[in-house]
Amino acid sequence: MAFTEVKHPLIQDKLTRMRKSDTSSKDFKENLSEIASLMVYEITRDIPLKTIEVKTPITNTKGYTIETPVVIVPILRAGLGMTDGIQNLIPTARIAHVGMYRDETTLKPKQYYAKHPDNIENSFLIVVDPMLATGGSAIAAIDIVKQWGAKDIKFVCLVAAPEGVKALVQAHPDVDIFAASLDHHLNEKGYIVPGLGDAGDRIFGTK
């Protein structure tokens, strides 16, 4: 397992815009999608390639194509905000869905939906959720995709708390974690500090 904080200047600029409490849902959603696109380069750095022969206007030459099918797994609902940004760079990626919500009393995740395409066991899975707080939802979602047969799994978030990273590493030491920022801590309500509030509410304009 590896934890990678993707600290590209463009990502840090967009993340700062998202942290502002007066940022509109439209701008929040657009910046989230753009950050997800920028993070794809790091997430897929080691994805397997296969050699193919292509014909250019001049001659035949050797080229490369992604060998492994890619499946994006947004944790509903907030994970949907990262899906388009990744699929823009990997248009052949298929989408699975895992519906989770956090019980505000126990802070434990509750599953309400799960569906996936075929050939999961031979695919490169990118599980996405903007926030890695306690780690409960991420752990539960990865439990589910492993039950489907997934083996090559990356977890990608926007903002992570150290508590959530530690919990996810302990539960799934084989899963690499990517975040745009490792924030300071969780508060008594289980929210990331400094964080950016409830990502789902800010994406969809709900309260």
Side-chain angles (χ1 to χ4, degrees), residues 1-7 11-12 14-21 23 25 28-29 31-33 35-36 38-39 42-43 72-83 85-86 96-114 125-146 153-207:
M1 194 290 309
F3 174 79
T4 302
E5 188 176 7
V6 186
K7 295 182 70 66
I11 291 176
Q12 298 305 306
K14 294 176 185 299
L15 176 58
T16 299
R17 297 168 189 267
M18 294 178 67
R19 289 194 194 273
K20 295 178 181 178
S21 59
T23 296
S25 290
F28 189 95
K29 187 186 306 183
N31 279 283
L32 176 59
S33 182
I35 289 173
L38 291 167
M39 292 180 73
E42 192 66 37
I43 299 161
I72 307 166
V73 188
I75 301 177
L76 304 180
R77 63 184 168 147
L80 292 172
M82 302 178 72
T83 303
I86 297 173
H97 295 88
V98 175
M100 309 287 297
Y101 69 92
R102 185 171 70 163
D103 186 296
E104 294 299 329
T105 301
T106 65
L107 303 183
K108 300 294 184 182
K110 302 287 186 180
Q111 176 190 337
Y112 64 87
Y113 185 79
L125 264 69
I126 305 173
V127 180
V128 296
D129 194 350
M131 315 299 285
L132 178 59
T134 64
S137 294
I139 291 167
I142 293 170
D143 285 341
I144 291 167
V145 301
K146 284 185 174 180
I153 306 165
K154 313 293 182 185
F155 179 81
V156 183
C157 63
L158 183 69
V159 175
E163 297 91 333
V165 173
K166 180 179 179 180
L168 182 52
V169 168
Q170 289 178 340
H172 295 290
D174 56 325
V175 174
D176 291 336
I177 304 168
F178 297 84
S181 176
L182 180 63
D183 277 15
H184 193 263
H185 68 282
L186 294 178
N187 66 16
E188 65 281 358
K189 294 183 178 180
Y191 285 97
I192 300 172
V193 179
L196 41 72
D198 186 298
D201 284 345
R202 298 196 67 187
I203 291 166
F204 297 108
T206 55
K207 297 293 183 183

From CZ (Phe204) to CG (Leu80), nearest 0.5 Å: 5.0 Å
Calculate, to the nearest 0.5 Å, the distance between atoms OG and CD1 belonging to Ser33 and Ile203 respectively. 10.0 Å
Does a side-chain heavy-atom distance below 4.5 Å link Thr134 with Glu163? no
Can you tell me if His185 has over 12 outside heavy atoms packed within less than 6.0 Å of its NE2? yes
Can you find a heavy atom in the side chain of Ser181 that is under 4.5 Å from one in the side chain of Glu5? yes
Given Asp176, Leu168, Ile43, the one that forms side chain to side chain contact (heavy atoms under 4.5 Å, CB included) with Phe155: Leu168
Compare all side-chain heavy atoms of Asp143 with those of His172 and state whether any distance is below 4.5 angstrom. yes
Could you check whether any side-chain N or O of Gln12 sits under 3.5 Å from a backbone N or O of Ala180, counting only pairs where one atom can act as donor and the other as acceptor? yes
Is any side-chain heavy atom of Ile126 closer than 4.5 Å to a side-chain heavy atom of Met39? no
I want to check something: taking the side chain as every heavy atom from C-beta on, are Val73 and Lys154 in contact at a cut-off of under 4.5 Å? no
What distance separates Lys20 NZ from Leu15 CG, expressed to the nearest 0.5 Å? 11.5 Å
What's the separation between atom CZ in Arg17 and atom CG in Leu32, rounded to the nearest 0.5 Å? 14.5 Å
Starting at CD1 of Ile11, measure out to OG1 of Thr16 and round the result to the nearest 0.5 Å. 11.5 Å
Is there side-chain contact between Asp129 and Met100, with heavy atoms separated by less than 4.5 Å? no
Are any of the side-chain heavy atoms of Met82 and Pro130 separated by less than 4.5 Å? yes
Please report the interatomic distance OG1(Thr4) to CG(Leu182), rounded to the nearest 0.5 Å. 11.5 Å
Heavy-atom side-chain proximity of Val175 to Val127 below 4.5 angstrom: no
The criterion is side chain to side chain contact (heavy atoms under 4.5 Å, CB included); which residues satisfy it with Gln170, sequence neighbours excluded? Lys166
